[in-house]
Amino acid sequence: MAEKKPLNRRRFLQATGVAATVGIAGCSQGGSEDTTETSGPTGTDISVESIEAYPYSPGENDVQSAQQVMEAAGYGPDNRFELSWLQYQSSTWEEIANTIRARLESAYIDMSISQADFGSLLSQTEKGSHEAFTLGWIADYPAPRNFLQLVDPANTIYDAEGATPNGARLFWDKNASEDNSVRAVLSEEFDRIQNNPEGTESAKQIRDEAVLNIEEAIWASAALLPVYHGVSDAFWYDRVSYDPPKGMGGSRAKANVSVEELAGKSRLQGISATFNSLDPVASGNTASGGKVMNMFDAPMNYPNGTIEVESLLIEDYTVSEDLTEYEFTLKQGMQFHGDYGEVTAADMVYSIRRLVESNNSTNSYFTNSVLNIEREVDEDGNVVPGSVGVEQTGDYSFTLKLQQPFSNALSVLAYSAFSVVPEGIVGDIEGYEGDMEWEEFSTNPIGSGPFEFVRWDPGNGGSFRVDRFDEYHGDVASIEGIDAQIITDETAAFNAFLNENADIAGIPTSKFEPEKVSLESADGAQERGTYGPLENEKTINMSRTPTIDTFYIGFNMRKVPKPVRQAMAYVMNRPSFVESVFKGRGEPAYHLTPKQVFPGGADSYVQHWQGNE
């Protein structure tokens, strides 16, 4: 692999040809194309053209600049702004919110804080009934495009007719409180990423330049404030020979690979959060994702969570020159669980059709928005049954056609939503009666993965059980199965681990003691060592792995003026939050794109935000 070198970015206006100067107090109103540029105090007049580094006093609690930017916009003691903050239910985010609220009081902003569970938060922000909000994005595939689509303006408007967005809930249309030329630049630069998918050096350079330009536009607008990138800490007792998953995370790893040996017993014990479905097309959170990975196989795979995608079900494939048509040949002899027989191309075609066409599918974003598979839609925007661009060409071969080139198609096909299921097992797409109702399949699934479903007692206090699948086509698991307790309370989950009722677990931040960490070796970016002693007087094994994700604060651009967004940026001391709130388990984020996939790698990530190119 060629050595990654820091990029020499082109200046923003040279790359786009758009005159994009944004004054701190000059915000477009009512969709007007005109902007008013007002000079603020020294150091607060931030324009795209002038940006050389992250502009909001990084590593400081800069209340003074927050005051100045608000005063320049006409706010003061007698003209305060009331801001509503909506966050996921989390003690760490609550601590961050209270800290920010206290600092913003001196900048003439009165912030109210409310919390919601994940589903309610998504629902409220999709309706646009929010102002400031917190969310995170975990990589679907390891490329900048997967993160930057969050700020592609068209992908942020959830109330547009016929829209199926999946971006940040910014509602960044012409009525946004921002210079419309910045919105245009974001759209144009994201198009440059999409329209240059080839693997050539020139196409890569165009994409890399567009990434930097988008990141600078995010800085200038303060529409979205990256807060931190996560790390995943895993802990396990000596009885387990364990290879911790890498940067794509535990929900992309299979236990037949990560668990190499278990001494003194035959079954692995674990702890799980709650989840709602085990159907690959409807699985929607980390807890269910890890279980789907163990019970099912997708065409491609990230071996033990690494970012290098490999074939799993696929024996061979070819790609057209324009990157829009793929022909796959499956391995022969792969078996489904139970008596469902061999995996064939008919099963794969059915599985992809379900992902696109089924009313039970909650993951069609990957086929329709990311891959953009060929399909027809009716006048109501619904996919016409049987029109999806996937076709069986032989007993073990099928083709997949895209509407436009996409360079990360193979990576996306590693996502568990593309897992193969037996043809016709559920009758939720046209042409199939179904062997069982969807409700039965989603709670009693049939796959082809290294572990076979046995039992699921849902809800807090319940349990989940799978057995080793001895006919698995890959590496057969060394353990006989996995038993997981479903525990929602973090203290109860931690106590279960202390009592050795789990072999591998996490430790919640509230119980984590940094002084007990001893990281002694490294395997790439992953560090390994020990943690302890615990209250049970045992010292356990530990790994720390930077994960490919970004957690951020976003704003409804129709409701929150730019000076308010900038004021929050000034008072947000990321290093302090990481150390005091997360106890060092994270990294300050100054870009939406994580360092693992940032153009030029981790060094260029730092050089760009520090302005040291």
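We number each residue from 1, following the sequence as shown.
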**Message:** Going by salt bridge (charged side-chain N to carboxylate O under 4.0 Å, His left out), name the residues that satisfy it together with Asp549, two or more places apart in sequence or in a different chain.
**Reply:** none

**Request:** Can you tell me which residue pairs pass the ring-ring contact (aromatic ring centres under 6.0 Å, His included) test with a partner in residues 514-563, sequence neighbours excluded?
**Result:** Tyr228-Phe551, Phe235-Tyr531, Phe512-Tyr531

**Request:** Give me the ring orientation class for Tyr237 and Phe497: parallel if the planes are under 30° apart, tilted from 30 to 60°, perpendicular past 60°.
**Result:** tilted

**Asked** Looking at Arg558, Arg565, Arg183, which one forms a side-chain hydrogen bond (donor to acceptor under 3.5 Å, both in side chains) with Glu178?
**Response** Arg565

**Exam field: side chain Ser232 to backbone Thr545, donor-acceptor pair closer than 3.5 Å** = no

**Request:** Using a cut-off of 6.0 Å, state whether more than 12 heavy atoms not belonging to Glu537 lie near its atom CD.
**Result:** no

**Request:** Applying side chain to side chain contact (heavy atoms under 4.5 Å, CB included), name anything that partners Ser112, two or more places apart in sequence or on another chain.
**Result:** Ser84

**Prompt:** Considering residues at least two apart in sequence or located in another chain, which fulfil the salt bridge (charged side-chain N to carboxylate O under 4.0 Å, His left out) criterion with Lys538?
**Reply:** Glu500

**Asked** Once you round to the nearest 0.5 Å, how far does OG1 of Thr274 lie from CG of Asn460?
**Response** 8.0 Å

**Item:** Qualifying residue for side-chain contact (heavy atoms from CB on, under 4.5 Å) with Met568, from Val560, Ile109, Leu83
**Value:** Leu83

**Message:** Show every ring-ring contact (aromatic ring centres under 6.0 Å, His included) that has at least one partner inside residues 243-263, sequence neighbours left out.
**Reply:** none

**Fill in**
Residues at least two apart in sequence or cross-chain that pass side chain to side chain contact (heavy atoms under 4.5 Å, CB included) with Ser106, listed by chain then number, are Val63, Gln67

**Message:** Quick check against the 3.5 Å criterion: does Lys246 have a side-chain atom that pairs as donor or acceptor with the backbone of Ala525?
**Reply:** no

**Fill in**
side chain to side chain contact (heavy atoms under 4.5 Å, CB included) filter on Ala143, not counting sequence neighbours, yields Tyr141, Asn408

**Asked** Are the side chain of Asp117 and the backbone N or O of Ser120 linked by a donor-acceptor pair below 3.5 Å?
**Response** yes

**Complete:** Rounding to 0.5 Å, atoms CE (Met293) and OG (Ser258) come to a distance of 10.0 Å

**Request:** For the pair Tyr605 and His229, evaluate ring pair (Phe, Tyr, Trp, His ring centres under 6.0 Å) and give the outcome as yes or no after the intermediate values.
**Result:** CA-CA 12 Å; Tyr605 178 104; His229 304 300; 5.6 Å; yes

**Request:** Starting from the C-alpha separation in whole Å, work towards a yes-or-no answer on side chain to side chain contact (heavy atoms under 4.5 Å, CB included) for Phe582 and Ile96.
**Result:** CA-CA 10 Å; Phe582 298 105; Ile96 290 173; 3.8 Å; yes

**Message:** Using 0.5 Å steps for rounding, measure from the CZ atom of Arg465 to the CD1 atom of Ile482.
**Reply:** 11.0 Å

**Item:** Residue pair Tyr158, Arg169: steps toward the side chain to side chain donor-acceptor pair (under 3.5 Å) verdict
**Value:** CA-CA 7 Å; Tyr158 281 75; Arg169 278 83 168 149; 3.2 Å; yes

**Prompt:** Would you say Thr156's side chain and Trp172's backbone share a donor-acceptor pair under 3.5 angstrom?
**Reply:** yes

**Any donor-acceptor N/O pair, Lys291 side chain to Leu278 backbone, under 3.5 Å** = no

**Item:** Donor-acceptor under 3.5 Å (Lys254 side chain, Phe296 main chain)
**Value:** yes

**Request:** Check the pair Asn166, Asn155 against side chain to side chain donor-acceptor pair (under 3.5 Å), reporting the backbone distance first and the verdict last.
**Result:** CA-CA 6 Å; Asn166 195 57; Asn155 198 33; over 6 Å; no

**Prompt:** Does a side-chain N-to-carboxylate-O contact under 4.0 Å join Asp140 and Arg145?
**Reply:** no

**Request:** Return the set of residues passing salt bridge (charged side-chain N to carboxylate O under 4.0 Å, His left out) with Arg544 (not counting sequence neighbours), or none when no residue passes.
**Result:** Asp233

**Glu189, His591, His608 screened by side-chain contact (heavy atoms from CB on, under 4.5 Å) with Leu212, the one that passes** = His608

**Prompt:** Got a sec, which pairs hit salt bridge (Lys or Arg N to Asp or Glu O under 4.0 Å) with one end in residues 501-512, sequence neighbours left out?
**Reply:** Arg239-Asp503, Lys265-Asp503

**Prompt:** Just wondering, more than 12 heavy atoms not from Gln64 lying within 6.0 Å of its CD?
**Reply:** no

**Request:** Could you list all the ring-ring contact (aromatic ring centres under 6.0 Å, His included) pairs where at least one residue sits in residues 97-116, not counting sequence neighbours?
**Result:** none

**Message:** Restricting to salt bridge (charged side-chain N to carboxylate O under 4.0 Å, His left out), what partner residues turn up for Arg267, sequence neighbours left out?
**Reply:** Asp467, Asp483

**Contacts of Phe118 that satisfy side chain to side chain contact (heavy atoms under 4.5 Å, CB included) - sequence neighbours left out** = Tyr88, Leu122, Leu135

